[in-house]
Amino acid sequence: MIKNDIRSALKQALENCYQQGTLSSGEYPAEIQLEVPKNPEHGDYASNLALMLARHEGTPPRQIAEVLVAALRANALFDTVDIAGPGFINFRLAAAYWSTVLHRIDAEQGAFGRSQVGSGIKVQVEFVSANPTGPLHIGHGRGAVVGDALASILAAAGFEVQREYYINDAGNQVQTLGRSILLRLRELQGEVVDFPEDGYQAAYITELAARLRQEQGELADLSEEEAISCCTRFGVEQILAWIDSDLRAFGIEFDNWYSEQSLYDRNMVEQELGRLKQKGLTYEEDQALWLRTTDFGDDKNRVLIKSDGSYTYFASDVAYHLEKFDRGFDRVIDVWGADHHGYIPRMKAMLKGFGLPAEALEVLLIQMVNLLRDGQPFVMGKRSGNFVTLREVIDEVGRDACRFFFLMRRCDSQLDFDLELAKQNSSDNPVYYVQYAHARICSINRNAAEVGMAPPSREEFDFSRLTLDDEIALIRQLSRFPEAVEGAALHYEPHRLVFYLQDLAALLHSYYNRHRVLDEDVRVTSARMYLVNAVRIVLANALSLLGVSAPEKM
RNA sequence: GCGCCAGUAGCUCAGCUGGAUAGAGCAACGGACUUCUAAUCCGUAGGCCGGGGGUUCGAAUCCCUCCUGGCGCGCCA
């Protein structure tokens with residue numbers, strides 16, 4: 001990559017200076033920092049190396065920069081190397097490099113942007129994992145898109161990625177689901193029931209009861225316990241089918257659905273807890289079994305087995321996470337609702353106690369989505385049944401707009417989502433802005449085809465016909481796509497690609513309005529087609545990583 | 001009380017490992033369609049980066065403190 005080339009050029013220059021005695025400290029910064037200047041007049045890349053060395057050399061940074069630049073000027077990589085401000089070294093890349101960027105995109109097509117930084121690292125992204133007690137709501141949608149896009153981005157960066165959904169099909173919540181269904185079933189049979197406050201009140205419970213009654217009758221010969229268990233099984237199965245179908249409508253498919261109950265069925269909870277005991281990380285007190293998480297940064301110790309002998313939710317979650325590493329993952333990413341943040345220290349403490357590095361588990365917190373309609377907030381709550389489902393939102397505003405919207409902000413900041421606004425202003429929606437850029441290029445291709453023109457091959461492409469600053473600006477942005485993907489992957493920040501896309505689209509629209517691609521001069525037309533088709537490829541690649549479509553016509 | 005996240009233009013938000021004159025979209029105002037799709041473009045205006053201290057060549061970014069908003073602090077899941 002170009003950044004590394006510039007770094008090694010700088011390092012080489014530094015070595016030369018030390019050998020020639022023009023610099024004397026012998027200091028080598030751990031990593032030579034390169035940045036993309038905000039102001040394009042400051043060149044394509046800039047380094048603060050001279051500023052970093054100033055203290056060690058005891059010389060003003062600009063003087064150091066001059067010495068370094070003298071050693072760099074001969075390098076064919078650069079058009080110009082300048083000193084600016086307090087001592088920055090600004091690099092402007094030579095034309096030959098820009099030509100290479102277009103060649104690469106043409107050669108790699110859909111693979112352009114992929115890298116190998118994560119090569120050989122197995123990572124699991126666990127996301128959504130909503131309780132199978134009701135349909136997905138809008139908050140789940142945000143976590144779903146972020147997790148899905150992140151998984152795609154990691155894969156593009158060379159990681160080996162698995163998408164997993166953890167099904168909380170053991171414990172109180174699904175029991176409550178079963179009881180709620182059974183009560184509604186009895187109501188359907190004419191019984192008057194006293195529906196408890198902590199039951200699930202929503203209408204879909206009655207739907208499930210009706211369907212159960214149709215398929216399996218009234219469960220009259222079963223004991224209360226058997227009937228509840230039957231209702232639970234039926235409910236979980238049905239609801240998971242809804243969830244899967246909603247996620248598919250959103251463009252999301254999981255590689256693995258992992259059942260909490262299966263941990264118990266395979267005695268995994270007991271086994272993994274046994275390993276913790278063996279390591280001396282647990283103790284008994286008040287007839288309960290505790291995990292010493294305070295030894296590893298938690299603010300209190302946590303119960304694994306309650307005094308009545310039953311496991312806590314934490315116990316199965318501990319087993320689940322340990323088992324992830326048993327399955328060979330080097331790194332595990334959990335996407336959680338931000339309201340679970342208090343849970344992170346105990347989980348990290350557990351893994352640390354087990355001897356795993358802190359980076360082995362990364363928890364991405366997804367902040368709340370405030371759903372609005374005409375500026376009025378919705379109050380959401382599963383039990384009250386007053387919530388807007390993810391499916392309703394997808395149907396209303398469209399999959400692309402919905403996904404893009406969820407990815408537009410850093411996931412740890414809250415998000416206001418106004419349904420009416422998202423629909424009403426759909427033409428102002430940033431997703432259309434980006435997609436339109438792609439459609440415009442496709443349209444140019446169609447018009448060109450009518451007069452028998454097509455984008456040139458690599459051999460036919462004549463870079464010297466691209467003489468405009470706007471053209472170099474476009475190529476510069478294209479050249480940064482691999483860095484953008486890598487940055488988004490290493491920092492777990494999918495939103496970076498959204499901003500990258502908006503910048504690229506803006507440059508394309510601006511270029512389109514100022515200059516004609518299909519020019520009178522055939523040679524210019526040909527070169528410009530090569531350029532805009534590189535833009536088209538990168539737009540499509542970036543959109544694809546976000547799970548948003550790249551339409552050819554709008 | 002303790003902890004986590006946030007506080008940047010009127011609104012919604014970017015700002016990568018600390019860097020040069022803090023950016024974009026929307027809203028406002030003024031322009032551009034006989035020209036490849038105006039779902040677009042060009043321009044103007046808009047700021048004590050919540051307040052205050054500190055660290056250094058240099059702070060929106062790091063540290064301390066205070067203020068405001070959200071969310072957590074179960075032998076619940």
Side-chain angles (χ1 to χ4, degrees), chain A residues 30-31 33-39 41-42 46-48 51-52 54-55 60-61 84-88 90 131 133 168 170-176 260 285-290 299-300 302-314 316-317 337-345 365 367-368 370 408-410 412-416 418 421 425-433 435-437 439-448 450 483-484 486-488 490-491 493 495-496 498-499 502-503 505-506 508-519 525 528-529 532 553-554:
Chain A
E31 194 198 358
Q33 295 185 13
L34 265 192
E35 60 153 10
V36 175
K38 280 177 238 166
N39 186 341
E41 285 172 20
H42 293 142
S47 176
N48 61 355
L51 296 161
M52 306 275 290
R55 188 187 305 171
F88 289 100
N90 293 340
N131 286 339
T133 53
N168 294 122
N172 294 342
Q173 307 237 5
V174 288
Q175 286 296 312
T176 304
E260 178 188 7
E285 191 178 291
D286 303 330
Q287 277 107 57
L289 183 74
W290 296 72
D299 51 13
K300 60 192 290 191
R302 306 293 172 176
V303 172
L304 291 166
I305 302 178
K306 297 181 247 178
S307 52
D308 67 3
S310 62
Y311 291 109
T312 59
Y313 176 78
F314 181 52
S316 60
D317 221 16
D339 52 344
H340 291 81
H341 65 78
Y343 206 75
I344 297 175
L365 293 177
Q367 271 293 354
M368 278 178 44
N370 299 313
M408 266 170 50
R409 289 174 175 73
R410 280 206 349 235
D412 54 4
S413 67
Q414 292 188 25
L415 170 67
D416 287 334
D418 192 313
L421 214 65
N425 288 7
S426 64
S427 63
D428 292 332
N429 195 314
V431 67
Y432 294 100
Y433 182 83
Q435 290 180 318
Y436 186 47
R440 268 187 153 168
I441 299 169
C442 292
S443 172
I444 291 172
N445 285 339
R446 284 191 297 270
N447 290 329
E450 279 186 23
E483 293 164 26
E486 195 176 306
L490 297 179
H491 293 269
E493 291 181 340
H495 77 275
R496 291 189 190 202
V498 174
F499 286 91
Q502 287 180 308
D503 289 344
L508 188 278
H509 286 309
S510 177
Y511 179 68
Y512 182 96
N513 272 276
R514 250 198 288 252
H515 317 285
R516 290 188 55 83
V517 172
L518 305 181
D519 191 73
T525 296
R528 288 182 177 176
M529 284 188 76
V532 296
K553 245 183 209 177
M554 287 175 76

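Source: prediction; values computed, not measured. Proteins get letters first, then strands, A, B, ... in listed order; numbering begins at 1 in each.
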Rounded to whole Å, CD of A/Gln414 lies from P of B/rA14 at a distance of 12 Å
Annotated protein contacts, base or backbone, on nucleotides 72-77 of chain B with a non-hydrogen cut-off under 4.0 Å, one of B, S, - each: S-SBSB
Is the closest side-chain donor-acceptor distance between A/Asn172 and A/Tyr313 under 3.5 Å? no
Taking atom C1' in both B/rG53 and B/rC48, what distance in whole Å separates the two? 16 Å
Across every strand shown, the nucleotide meeting Watson-Crick or G-U wobble geometry with B/rG72 (both distances under 3.5 Å) is B/rC2
Do A/Tyr511 and A/Val517 make a side-chain contact, defined as non-hydrogen atoms from C-beta onward lying under 4.5 Å apart? yes
If you go through the side-chain atoms of A/Asn90, does one of them form a donor-acceptor pair with the base of B/rA20 closer than 3.5 Å? yes
Rounded to whole Å, how long is the line connecting atom CG of A/Asp412 with atom P of B/rC4? 14 Å
Suppose you measure atom C1' in B/rC4 against the same atom in B/rG31; what distance do you get, rounded to whole Å? 49 Å
Quick test of the criterion, 5.5 Å between centres and less than 30° between planes. Is A/Phe88 stacked on B/rA20 or not? yes
Among the nucleotides B/rC5, B/rA39, B/rG19, whichever has the atom closest to the side chain of A/Tyr432 is B/rA39
Please test A/Phe314 against A/Val303 for side chain to side chain contact (heavy atoms under 4.5 Å, CB included), starting from the C-alpha separation and ending with a verdict. CA-CA 8 Å; A/Phe314 181 52; A/Val303 172; over 6 Å; no
Find out whether A/Arg440 and A/Ile444 are in side-chain contact, i.e. whether some heavy atom of one side chain is under 4.5 Å from a heavy atom of the other. no
Sugar-phosphate, base or nothing in reach of A/Leu490, heavy atoms under 4.0 Å: nothing
To the nearest angstrom, the CG-C1' distance between A/Asp416 and B/rG70 comes to 12 Å
Quick one: is A/Tyr433 getting a side-chain N or O under 4.0 Å of the B/rA38 phosphate, OP1 or OP2? no
Whole-Å P distance, B/rG30 and B/rA22: 28 Å
Counting only Watson-Crick pairs (N1-N3 plus N6-O4 or O6-N4) and G-U wobbles (N1-O2, O6-N3), all under 3.5 Å, who is the partner of B/rA39? none
Out of B/rG70, B/rU40, B/rA38, minimum distance to the side chain of A/Gln367 belongs to B/rG70
Which nucleotide in the list B/rA20, B/rA38, B/rG15 gets nearest to the side chain of A/His495? B/rG15
Kindly indicate whether the side chain of A/Asp299, heavy atoms from C-beta on, has any atom under 4.5 Å from the side chain of A/Pro345. no
Which nucleotide sits closest to the side chain of A/Val517: B/rG70, B/rC36, B/rU17? B/rC36
When the C1' atoms of B/rG54 and B/rG46 are considered, how many whole Å apart are they? 32 Å
With C1' as the reference atom in both, quote the distance from B/rA32 to B/rA38 in angstrom, rounded to an integer. 9 Å
Once you apply a heavy-atom cut-off of 4.0 Å, does A/Val36 come out as touching a base, just sugar-phosphate, or nothing? base
What distance, rounded to whole Å, do you find between the two C1' atoms, one in B/rU40 and one in B/rU35? 14 Å
Separation of atom CE in A/Met554 from atom C1' in B/rA38, rounded to whole Å: 13 Å
Determine the Euclidean distance between corresponding C1' atoms of B/rG19 and B/rA59; express it in Å to zero decimal places. 9 Å
Check whether any side-chain heavy atom of A/Val532 sits under 4.5 Å from a side-chain heavy atom of A/Leu508, and report yes or no. yes
With respect to the phosphate group of B/rG15, does any side-chain polar atom (N or O) of A/Arg410 fall under 4.0 Å of OP1 or OP2? yes
Does any part of the side chain of A/Asn168, heavy atoms only, come nearer than 4.5 Å to the side chain of A/Gln173, both counted from C-beta? no
A/Met368 vs A/Arg516, nearer the 5' end of RNA chain B by closest nucleotide: A/Arg516
A/His509 NE2 to B/rG43 P, straight-line distance once rounded to whole Å: 16 Å
Tell me if the CD atom of A/Gln287 is crowded by more than 12 foreign heavy atoms within 6.0 Å. no
When you measure from the side-chain N and O atoms of A/Ser510 to the phosphate of B/rU40, is any distance below 4.0 Å, counting only OP1 and OP2? no
Can you tell me how far P in B/rU8 sits from the matching atom in B/rU55, rounded to whole Å? 27 Å
When the nearest nucleotide of RNA chain B is assigned to A/Gln502 and to A/Met52 on a heavy-atom basis, which residue is associated with the more 5' position? A/Met52
Measure from the side chain of A/Arg440, starting at C-beta and using heavy atoms only, and say which of B/rC57, B/rU40, B/rA20 lies closest. B/rU40
Residue matched to B/rG25 through Watson-Crick or wobble contacts both under 3.5 angstrom: B/rC11
Begin from the C-alpha positions of A/Trp290 and A/Leu304 and carry the test side chain to side chain contact (heavy atoms under 4.5 Å, CB included) through to its verdict. CA-CA 6 Å; A/Trp290 296 72; A/Leu304 291 166; over 6 Å; no
Counting only Watson-Crick or G-U wobble pairs whose two distances fall under 3.5 Å, which nucleotide matches B/rC62? B/rG54
Side-chain contact check for A/Ser443: nearest option of B/rC13, B/rC41, B/rC36 is B/rC36
State the pairing partner of B/rC33; accept Watson-Crick or G-U wobble contacts with both distances under 3.5 Å, and report none otherwise. none
